[in-house]
Every structure is written in C-alpha cells, then in structure tokens.
Number of protein chains: 2
Amino acid sequence: MKNPQATIRDLALKLNISISTVSRALRNAPDVNPETKKAVLELAKQLHYEPNRVAQSLRIKKTNTIGVVVPEIAMHFFSSVISGIQEYSAKHDYSIMICQSMESLRTEKSNIHMLVSNRVDGLLISLSSQTKNVEHLEHLIAKQIPIVLFDRITSDLDVSKVVVDDHNGAFKGVEHLIKTGCKRIAFIGGPDSLYVSDQRLRGYRDAIRNYNIAFDEELVIHCKDLHTDPTEATHKLLDLPQRPDAIFCMNDPVAILAMQVLKEKGIRIPDEISLVGFTNEPVSQFIEPSLTTIAQPAYQMGQTAAKLFIQQLDNKQEFKPITKVLPTELIIRNTTRKL
Amino acid sequence: MKNPQATIRDLALKLNISISTVSRALRNAPDVNPETKKAVLELAKQLHYEPNRVAQSLRIKKTNTIGVVVPEIAMHFFSSVISGIQEYSAKHDYSIMICQSMESLRTEKSNIHMLVSNRVDGLLISLSSQTKNVEHLEHLIAKQIPIVLFDRITSDLDVSKVVVDDHNGAFKGVEHLIKTGCKRIAFIGGPDSLYVSDQRLRGYRDAIRNYNIAFDEELVIHCKDLHTDPTEATHKLLDLPQRPDAIFCMNDPVAILAMQVLKEKGIRIPDEISLVGFTNEPVSQFIEPSLTTIAQPAYQMGQTAAKLFIQQLDNKQEFKPITKVLPTELIIRNTTRKL
DNA sequence: TTGAAAGCGCTAACAA
DNA sequence: TTGTTAGCGCTTTCAA
C-alpha cells in the first residue's frame with residue numbers, strides 16, 4: 001500500500017539525492033543540473049506528487065490565501081463580487097477562503113478569527129450592516145494584516161477600499177425622477193451606519209436640493225432589516241397625508257418589496273408612483289414593470305479589490321492605502337415615466 | 001515593536017513554563033493545573049494570541065478545510081448551495097476554499113490541484129458541463145481523499161452524492177403540461193454528459209410515455225452552451241412544420257431565453273406555447289408572465305453535502321458512500337395554462 | 001502535573 | 001551543482 005501523498009523526501013530517497021536538491025528542482029531554481037531536474041520532475045509526475053502548501057506556508061510564513069468576508073454569499077451582488085475576486089486571485093496563484101457574516105457583527109468577528117487563525121495573507125471585507133464599531137479590524141491592522149474593504153466600507157479605517165460612486169449613482173437616479181416630473185420623492189434605505197445607504201441618501205438629498213425641492217424628513221425611512229422592513233415602510237409612505245409620487249430605494253430588493261405593496265394597492269407604476277432601485281440585479285430587468293435602477297459593476301469590484309490587495313502585498317514597504325471608486329450607470333426601464 | 005503574531009513559545013517564555021504545557025492549556029487538556037491554565041488563557045487573550053492553524057495542520061495532518069468546486073459562483077443556484085455549505089461547515093469548525101471551473105474541465109483540474117496542494121481534508125464538487133471523463137477524480141480517490149459530489153454528479157464514481165430528484169421533478173413538470181392540455185411538448189437541455197440534463201430528459205420521456213404521447217426526436221434539443229444556444233434552439237422549434245405547444249426547459253435561465261424569443265415573435269404564453277423551467281431562481285417569480293418551474297432546495301443541498309462530508313471524515317473506517325436525493329416541488333405560475 | 005524532544009514537509013542559509 | 005542543517009509553530013510521546 002502506497003503513501004497517500006508523496007513528499008519531497010520520498011522523491012529524494014528514490015532518486016538517491018538530497019531533499020534540498022529535490023526542492024530546488026521542483027521550484028525551478030537556477031542552480032540545478034538540468035538532468036537532475038528532469039529526473040525529479042518525471043518522478044514527481046509519476047508519483048502524482050503535489051507540493052504540500054501547508055508546509056510551505058509554515059516555512060515561508062505566507063499562505064497565498066485571501067480571506068473574504070461578505071454579508072451573504074447568496075446575494076447576487078456579493079456572489080458576483082466573489083466571482084471576480086476568485087478569478088483574479090486564481091490567476092495570481094492565490095486561493096480564497098470565504099465566510100458570510102449574515103449581517104451579524106458577532107459572526108463577522110468569529111469569521112475573522114477563523115481566517116486569521118488560518119493565517120490568510122490578508123482580508124477582503126464587506127462589513128455587516130450591524131458593524132458600527134471596527135475595533136476588531138483595528139486589531140488586525142495593528143498586527144500588520146493587510147485589509148481591503150469593498151462596498152460596505154467605513155471611513156474609520158485607513159485601508160484600501162473599493163466602492164462604486166454611490167452618491168453620484170443616487171443623484172442620477174433621483175435626478176431622473178425629477179426630470180420625468182416627480183416632485184415628492186421618498187427614500188427607503190438601511191441604517192445610518194451602513195455606508196452605502198448613507199451615501200445614497202446624501203446623493204438623494206443633493207439631487208433634490210439641486211433642483212430646489214424642499215427636503216422632507218417624513219419621506220425618508222431607515223430600515224433595520226432590509227429583507228422585511230421595506231414593506232411596512234412603503235405602507236407608511238402611502239398613508240402619509242401627502243403621498244409621494246416616487247420612491248428611490250437603496251437597492252433592488254427593497255424596490256421589489258415596495259413594488260409588491262404598490263401592486264397590491266392597485267397603484268399604477270410609474271404614473272401614480274415611480275420607482276428606482278440600485279444594483280441592477282438580474283431580477284430587475286425581468287420584473288413587471290421592469291425596474292429603473294443604478295447598475296454597479298460587481299464583478300469588476302471583486303477584481304479590483306483582489307488586485308489592490310495583491311499589489312499591497314507586493315509593495316509592503318512603500319504602500320499607501322487608496323480608494324477606487326467605480327462608476328455607476330443609470331439603467332432606465334419602466335418604473336419611471338418617459339422623459 | 002511587538003511581534004505581529006504571538007506563538008505558544010512567546011506565551012511559554014513570559015510565563016516561565018514549557019511550550020507543551022501552554023499547548024495543553026490552550027487545547028483544554030485534562031491534565032493541566034487549573035491555575036496554570038487560567039494564567040495561560042489570560043495571557044493569550046491579552047496578547048491577542050491566535051493559534052496558528054497552518055502549524056497545527058502540518059502537525060496533525062488535517063486542515064479542517066473543505067475544498068469546493070462549482071461551475072460558476074455567481075449562478076444563484078450555486079451561490080445558495082455554497083451558502084449552505086459555508087454555514088454548516090462553520091458550525092462544525094471547518095473553513096471552505098472555493099473555486100469555480102467556469103464549465104471548463106481544464107480549470108476544474110487546476111482548481112483541484114490547488115485545493116489538494118492546500119491539503120484540504122476533502123472536496124465537494126459539482127462537475128463542469130465539459131467533464132465527461134473523471135480520471136482526475138479517480139486519482140483523488142486512490143489517494144484516499146474524500147469526495148462528495150452534488151447536483152452535477154456522475155455515476156462513474158463510487159462516492160457520496162447529493163442530488164435533487166431531477167427525474168421526478170421533470171416528470172411532474174411535463175405531467176402538468178399534459179394535464180393542462182399540451183400535446184406536443186419540446187425539451188431544451190444541455191449536453192448528454194451533463195447528469196442533470198440527462199435525468200430531466202428521462203423524466204420528460206417517461207412522462208410523455210406514461211400519457212401515451214409519442215416521443216418525437218425533433219422536439220428534443222441539446223445545447224452545448226446554455227448561456228447562448230437556447231435562443232437558437234427556440235427558433236428551431238418554432239420553425240418546425242408542426243410547432244410544439246409547450247417547451248420544457250432544463251433550467252430557468254434557458255426558459256427565460258426561450259420566453260424572450262416567444263415574446264419577440266408575439267407568441268402568447270401560455271395559450272399558444274406553455275413554458276416550464278427548473279430550479280426556481282428568484283427571477284422566475286418576477287418575470288412576466290411568472291414562470292412555472294420545479295423548485296430545488298439549493299441551500300439544503302449545500303448543508304446536506306457538508307454534513308455527508310463531515311460524517312465521512314468522522315467515520316473513516318466504516319464509511320459507505322450514500323446518495324441523498326432531495327425532493328423537488330412543482331411551482332405553478334403563469335407560463336402554463338390553468339387546469 | 002510538567003518538561004524535553006522529536007517530527008509534520010518544506011525552504012534557505014551555509015558548507016562542501 | 002549538491003548536501004547538511006536548522007527551524008517555521010505546533011502536537012504528542014515519553015520521562016521526570
């Protein structure tokens with residue numbers, strides 16, 4: 001019965017040479033006899049030798065593994081980001097370890113512990129909506145563990161970040177509502193602490209101010225739980241003495257919940273109330289009426305985050321955190337009126 | 001300047017005890033003085049000690065990491081499966097490393113190499129549509145590396161598997177078409193080698209045979225590329241001298257492509273042609289008309305695969321491969337006629 | 001209850 | 001060009 005996994009020692013023994021020579025041959029070192037190298041590589045192939053990265057990692061103190069933490073893997077936006085991270089990383093010989101915080105700070109912390117214990121070379125994180133305080137990340141930075149934040153970022157940390165232009169995206173969305181004749185535009189978002197929600201709200205405010213529409217506190221609703229609360233939020237808006245004639249939603253799932261309420265109530269979209277979402281999830285082009293929304297380049301965000309991260313590793317000395325802002329795009333569909 | 005990461009040696013030095021005692025204390029071994037243990041745990045916390053799993057793994061020859069290979073992370077079905085795997089694994093102290101084959105055998109192989117080099121404790125795999133030959137997996141089995149296949153499985157490997165009841169799901173879908181009055185039902189699927197496509201085709205055939213409808217070769221189309229080919233396939237079906245009055249599609253994305261063609265041609269759904277999909281992706285409930293489809297418990301499939309895998313690791317000796325078949329559910333919506 | 005020591009598989013000085 | 005050796009951080013046997 002043969003060994004489950006051959007080691008360089010097995011190769012060395014069979015070839016009657018030293019393990020360091022085998023090591024050199026495998027790593028394509030310059031100072032090794034071509035014939036020796038050939039023999040080693042041949043035997044390695046024959047025995048289905050696979051280098052033990054665990055041992056390598058321990059020795060060179062680098063795992064070539066990136067830890068990734070997202071709120072929810074199954075959200076289309078995040079799975080697209082992950083896809084981008086994975087593809088870029090694989091190309092550069094990095095593996096990725098993935099965790100989901102499920103929007104819980106507690107789980108986020110335990111994810112990070114697990115990843116640090118696994119000695120990932122650093123972390124790519126999109127914060128949970130519960131995360132207001134980032135002490136747990138400051139510890140990492142003190143330990144010199146590289147971090148890149150994406151999408152759900154915080155200004156409290158001096159690290160590289162990748163975001164889309166949330167402010168401008170929201171601005172464009174609200175501007176489109178105004179240009180198509182809406183005058184009383186509501187906003188449904190998440191908690192203040194959620195970076196993307198806050199930025200989009202700012203974009204909303206700046207857009208209405210820019211077009212001389214008074215800001216009305218009543219028209220802005222923050223949801224704690226974005227999976228459920230927007231339904232109630234929509235009802236609340238409809239019960240207002242002065243109904244809004246448009247709702248700008250912080251993302252597509254929120255917009256879809258709002259749309260369901262409007263449909264139930266028999267309110268015509270976009271004539272009575274217009275609707276704009278954010279993200280451009282696949283659903284939004286197929287729903288009836290199809291959703292006007294702001295597209296975010298999710299896949300590209302993943303690629304960019306991985307790229308920034310690997311660059312940081314390659315330039316440990318002269319590294320300066322940078323923030324990449326990716327462009328958004330207004331996708332006009334049928335939940336907004338024609339110009 | 002302090003060490004980026006404390007080791008048990010650091011703890012031992014500071015406490016003036018041996019590293020083996022520290023190790024024991026940290027692992028909650030029975031034979032260690034409670035006071036010593038307390039001191040160790042306190043100092044560990046104070047120094048933000050994180051055990052080095054790389055070193056542990058090398059020593060105990062177990063990484064507590066599961067390798068996962070899926071065709072495409074960003075497909076909703078797979079990201080849901082991954083979510084299930086991740087959650088179950090994390091609960092049992094396993095990390096997961098994720099790769100995507102992008103439906104390429106070559107990439108699938110290189111993914112597997114990477115994961116094996118990282119000495120994952122085993123693999124959870126959903127095969128690429130290109131994978132007809134599974135030699136690369138037989139090598140792993142020879143090396144005693146545990147494998148669990150899910151969804152895209154093969155009968156050529158004697159390992160544990162998790163699938164949904166594709167045959168029965170397809171049967172139910174086609175049966176529903178027949179019961180709602182369809183008589184000439186087409187099938188659009190993937191390559192024969194793709195397990196799920198093949199099973200669903202069998203379900204289709206058995207259903208029409210069961211209801212005494214003759215099988216017509218013309219009505220069955222296999223697509224190489226499921227992202228693009230179904231459009232052409234639909235056109236082909238429409239150009240048939242005798243048009244079908246229903247199309248059973250091997251999954252929802254295919255059904256959506258078919259629907260687009262039907263809409264362009266102004267064909268009424270479901271009156272002229274009915275449509276049934278498979279998977280129940282989120283899109284299918286929102287598209288107009290909403291898609292009748294077969295729901296697959298993706299998240300549960302992930303949980304089950306992870307569970308089977310961990311059970312296998314825990315029972316190495318007396319392990320026997322088993323296949324779990326999860327139930328499907330017919331979701332009746334508006335692309336099929338009323339009963 | 002504790003410590004000394006070997007060794008997991010690999011890399012990288014250093015020596016030959 | 002090759003070999004010897006130490007050691008990455010940990011677990012575990014054996015002895016004290």
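Within every chain, numbering begins at 1; the chains are lettered A, B, ... in the order of the sequence lines, protein sequences first and strands thereafter.
We find that CG of Leu15(A) is positioned 10 Å from P of dG3(D), with the value rounded to whole Å.
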Requested in this report: Can you check each nucleotide of nucleotides 4-9 of chain D against protein heavy atoms at under 4.0 Å and return B for base, S for sugar-phosphate only, - for none, in 5' to 3' order?
Outcome: B-BBBB

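The stretch residues 27-41 of chain B comes close to DNA chain D through Arg27(B), each having a heavy atom under 4.0 Å from the strand.
Under the 3.5 Å distance criterion, the side-chain polar atoms of Ser117(A) are matched with a main-chain donor or acceptor of Pro51(B). Panel note: side chain Asn111(B), backbone Gln100(B); a donor-acceptor pair is recorded below 3.5 Å.
The existence of a salt bridge linking Asp158(A) and Lys320(A) is excluded, since no basic side-chain nitrogen approaches an acidic carboxylate oxygen closer than 4.0 Å. Using a 4.0 Å cut-off between charged nitrogen and carboxylate oxygen, Glu138(A) and Lys143(A) do not count as a salt-bridge pair.
From Ser129(B), atom OG reaches atom CZ of Arg152(B) across 5.5 Å, with rounding to the nearest 0.5 Å.
Checked against the 6.0 Å centroid threshold, His76(B) and His76(A) do not count as a close aromatic pair.
Applying the salt bridge (Lys or Arg N to Asp or Glu O under 4.0 Å) definition to pairs two or more places apart or across chains, those involving residues 107-130 of chain A are Lys62(A)-Asp121(A).
Here the rule is ring pair (Phe, Tyr, Trp, His ring centres under 6.0 Å) with His48(B), and of His113(A), His136(A), His139(A) only His139(A) fits it.
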